[in-house]
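In this text the structure is predicted, and so the values were computed from the model without any measurement. Heavy-atom basis, side chains included; hydrogens, waters and symmetry copies ignored.
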Amino acid sequence: IRRLEESVVNRIAAGEVIQRPSSAVKELVENSLDAGASTVSVTVKDGGLKLIQVSDDGHGIRFEDLPILCERHTTSKLSAYEDLQTIKSMGFRGEALASMTYVGHVTVTTITEGQLHGYRVCYKDGVMENEPKPCAAVKGTQVMVENLFYNMVARRKTLQNSNDDYPKVVDFISRFAVHHINVNFSCRKHGANRADVHTSSRLDAIRNVYGASVVRDLIEIEVSDEDAGDAVFKMDGYISNANYVAKKITMILFINDRLVDCTSLKRAIEFVYSATLPQASKPFIYMSINLPSEHVDVNIHPTKKEVSLLNQERIIETIKNTIEEKLRNSNTTRIFQTQAVNSSALTQVYTQKDKGTDVKIASGMKSQKTPVSQMVRTDPRNPSGRLHTYWHGQSSNLEKKSDLVSVRNVVRSRRNPKDAGDLSSRHELLMEIDSHYHPGLLEVIKNCTYVGLADEIFALIQHNTHLYLVNVVNVSKELMYQQALCRFGNFNAIQLSEPAPLQELLLMALKDDELIGDENEEEKLEIAEVNSKILKENAEMINEYFSIHVDQDGNLTRLPVVLDQYTPDMDRLPEFVLTMGNDVTWDDEKECFRTTAAAIGNFYALHPPILPNPSGSGVQFYKKDIDHELLAEAETAWSQREWTIQHVLFPSMRLFLKPPKSMATDGTFVQIASLEKLYKIFERC
């Protein structure tokens, strides 16, 4: 083992602190802010390899401090380790300027207040190359770094071969400009007359750097948690709303005025936005968090890029919930820019010849041709836009049935309610549905066009010029729940071909229950007996209100008709009976009705069949050992489900479903395309 020479140690450390030209710019700008500057100017040449010049109007450097200015671990910002607990300045290690002198040629020009002239001095390897020379100077300090990485051949070649580092410099300065609204920043390439960053206010900075469209879609956000004991903090900033679309997330995060990254906070925010923005779209975030200095550990990263927070999980959860609430309130509408109509073209008289006859048409308004980007291709009566049009092969006979017949049968099923419908608890549940529906989604459902199935769970629908993915299981479950309450006490019945013993059904369901092992047969039998007894005791009530008939011998004989032309998947009947026994709250009337309707909704929902899809992801299952009967059964089940979704579920949804507000944020409805935005992309291509 050898002790390295100090020059080698210093050069290795310098390469870690100053990783690239933008790192040097960040350190110098932070020094300017620590010096109380109100103006910071940055000039860069050849991406920072030839020249980096940072000028400020701060308080300057004293003449007595110049000899040790660029020595390692010399600083004016702390004197004892305990000072780190309350540090408010950006820098504190005294490494940045020293590191620059080991990998570049550094020249410092400075003047302090009250001095008649300034001083200029050059540094190399942490020490002055000559005595400070008096010179003319303006208030503040100018640091010039030339020939960066001149003595690190591999690093310099890597940076020369890569893209210019100047965009990273602009990005850093832009982030500082957005946050420090009392400081004027400018950044330009050497020799350029116009600065690439020059701002004076927060929104101006965002507008000039990131574009006016970003500012238009921003929401102001504030969080204050001063009564949370150890988790006291304040946060303010701007976040993008549901109309903002970008391919890459832009997150500007300052913690106690320090520009940092926080991966866990970024991941939490992206998760919140994933339920609001279309897939592959990312948000814009500017956030300033202020905490007590003793709650922030700033000494965990070589370049001070990251910090550690006390009670970080609780703070992130509070911020995440606030953003989620803001987005939920702003997600009721989507905004599209419109173009004003030319008024000079509104009045026109023209002549048209048709079949040899002169026809004069005079109109107060000329008919406006719909722009191609806003044309709606299909309507519910025209099947030409559905996916089936583009599929080849033998079509199912089920698809030949008319939508109109289905709709008429559903309408006929609405009849005058009996006395059972007058129960106040049932009316309260219906009022909850009426008071919590989402008007925007209701408009989409009532006027949508069914396109086809996207996969085993999602269907595609079109509304005006927008394309949506709809979770078939979720919407069918909610529709069945609402219909169970609407048809309360007034169901038609499905007569089972053979009575089904409750205890056998319960044992079948318990056999599939992973929580109870196969060895616990006595426990399963006991559970089945208890649940069977509960259902027999409440048989009169569930028969009267929900048309679920259990005879005196404990056999299930009838089930309700929740939607006409639809029979639930009987493979899920054991699970339904177990849910009725376990999950229904029998001792409270309102909760009893709610949980029973929820159990019916889950049973009648259009879940994927238990057999794997032979036309989809389950094709490998049938290739291993071909059972033609099993294959035919699977094909029938999947085609029956597809026909039911198109001809029963969606017509019934248009008539009856009142989508709850939660469906706008839980991924049940996801907008995946907008014709206007697609045309913008095509125009750019």
Side-chain angles (χ1 to χ4, degrees), residues 14 17-35 37 39-63 65-72 74 90-91 94-112 115 117-152 155-156 159-160 164-166 168-170 172-173 176 183-193 195-197:
V17 176
I18 307 300
Q19 298 174 353
R20 56 193 312 124
S22 55
S23 306
V25 172
K26 178 177 179 289
E27 297 288 351
L28 293 174
V29 170
E30 287 180 344
N31 283 346
S32 297
L33 294 172
D34 286 341
T39 301
V40 179
S41 177
V42 179
T43 303
V44 175
K45 184 177 182 180
D46 287 353
L49 291 176
K50 283 285 183 69
L51 171 70
I52 296 172
Q53 180 178 294
V54 177
S55 306
D56 65 63
D57 60 352
H59 51 59
I61 303 168
R62 297 188 309 166
F63 175 78
D65 293 333
L66 289 174
I68 62 170
L69 173 66
C70 292
E71 288 185 12
R72 287 192 73 200
T74 57
M90 306 290 177
E95 286 185 318
L97 278 174
S99 297
M100 292 177 208
T101 64
Y102 286 104
V103 294
H105 302 123
V106 177
T107 303
V108 177
T109 305
T110 185
I111 184 172
T112 55
Q115 297 296 316
H117 59 79
Y119 291 93
R120 179 178 291 120
V121 59
C122 298
Y123 294 88
K124 183 179 180 182
D125 294 339
V127 296
M128 295 191 301
E129 290 189 293
N130 46 49
E131 290 297 317
K133 296 179 181 178
C135 65
V138 294
K139 179 190 175 185
T141 303
Q142 180 189 88
V143 180
M144 189 163 57
V145 183
E146 298 175 286
N147 299 320
L148 194 61
F149 303 126
Y150 73 96
N151 54 357
M152 300 176 72
R155 179 81 60 92
R156 191 173 180 89
L159 291 169
Q160 284 178 335
D164 191 357
D165 215 45
Y166 183 68
K168 288 185 172 61
V169 174
V170 172
F172 271 125
I173 303 303
F176 281 117
V183 181
N184 289 327
F185 289 89
S186 68
C187 180
R188 72 184 74 215
K189 287 185 177 180
H190 183 263
N193 295 324
D196 292 295
V197 179

Test log, rule side chain to side chain contact (heavy atoms under 4.5 Å, CB included), inputs Asn151 and Val103: CA-CA 6 Å; Asn151 54 357; Val103 294; 4.2 Å; yes
Side chain to side chain contact (heavy atoms under 4.5 Å, CB included) between Arg20 and Leu159, intermediate numbers included: CA-CA 8 Å; Arg20 56 193 312 124; Leu159 291 169; 3.7 Å; yes
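In this structure, Lys26 NZ and Gln19 CD are separated by 10.5 Å, a value rounded to the nearest 0.5 Å. Rounding to the nearest 0.5 Å places OG1 of Thr39 at 5.0 Å from CG of Asn184. The distance from the CD atom of Glu27 to the OG atom of Ser99 is 8.0 Å, given to the nearest 0.5 Å.
The side chain to side chain contact (heavy atoms under 4.5 Å, CB included) test applied to Thr141 returns Asp56, Ile61, Val108, Thr110, Val143, not counting sequence neighbours. Take Thr43 and apply the side chain to side chain contact (heavy atoms under 4.5 Å, CB included) test, not counting sequence neighbours, and it matches Gln53, Arg188, His190. With sequence neighbours left out, the side-chain hydrogen bond (donor to acceptor under 3.5 Å, both in side chains) criterion links Ser41 to Ser186. In terms of the side-chain hydrogen bond (donor to acceptor under 3.5 Å, both in side chains) criterion, residue partners of Tyr102 (sequence neighbours excluded) are, by chain and number, Asn10. Looking at residues two or more places apart in sequence or on another chain, you find a side-chain hydrogen bond (donor to acceptor under 3.5 Å, both in side chains) between Arg120 and Thr109. Listed by chain and residue number, His59 satisfy the side chain to side chain contact (heavy atoms under 4.5 Å, CB included) test with Ala35 (two or more places apart in sequence, or in another chain). Remark: Tyr119 engages Phe63, His117 in a ring-ring contact (aromatic ring centres under 6.0 Å, His included) (not counting sequence neighbours). In this view, Asp125 satisfies the side-chain hydrogen bond (donor to acceptor under 3.5 Å, both in side chains) rule with no residue, not counting sequence neighbours.
Side chains of Met100 and Ile18 form a contact here, defined as non-hydrogen atoms less than 4.5 Å apart. A 4.5 Å side-chain heavy-atom check between Leu51 and Val145 finds every atom pair outside the cut-off. Between Leu28 and Leu97, some side-chain heavy-atom pair lies under the 4.5 Å cut-off. Looking at Cys187 and Val169, their side chains come closer than 4.5 Å, going by heavy atoms from C-beta outward. For the pair Ile52/Val54, a side-chain contact is recorded, criterion being any heavy-atom separation below 4.5 Å from C-beta on. Taking the side chain as every heavy atom from C-beta outward, Val138 and Asp57 never approach each other to under 4.5 Å. The closest side-chain heavy-atom distance from Val25 to Phe176 is not below 4.5 Å. Within the 4.5 Å cutoff, the side chain of Val121 has heavy atoms near those of the Met128 side chain.
The two residues Pro21 and Gly48 make their nearest non-hydrogen contact at CB-CA, 3.9 Å. Nearest heavy atoms, Val40 versus Ser32: CG2-CB, 4.0 Å.
Among residues at least two apart or in separate chains, there is no salt bridge (Lys or Arg N to Asp or Glu O under 4.0 Å) pair with a member in residues 128-151. The list of salt bridge (Lys or Arg N to Asp or Glu O under 4.0 Å) pairs with a residue in residues 39-49, not counting sequence neighbours, reads Asp46-Lys50.
By the 6.0 Å and 45° rule, Arg156 does not stack over the aromatic ring of Phe149.
With hydrogens and angles ignored, the 3.5 Å screen pairs a side-chain donor or acceptor of Thr101 with a backbone N or O of Gly126. Side-chain N or O atoms of Thr112 include none that pairs as donor or acceptor with a backbone N or O of Arg62 at under 3.5 Å.
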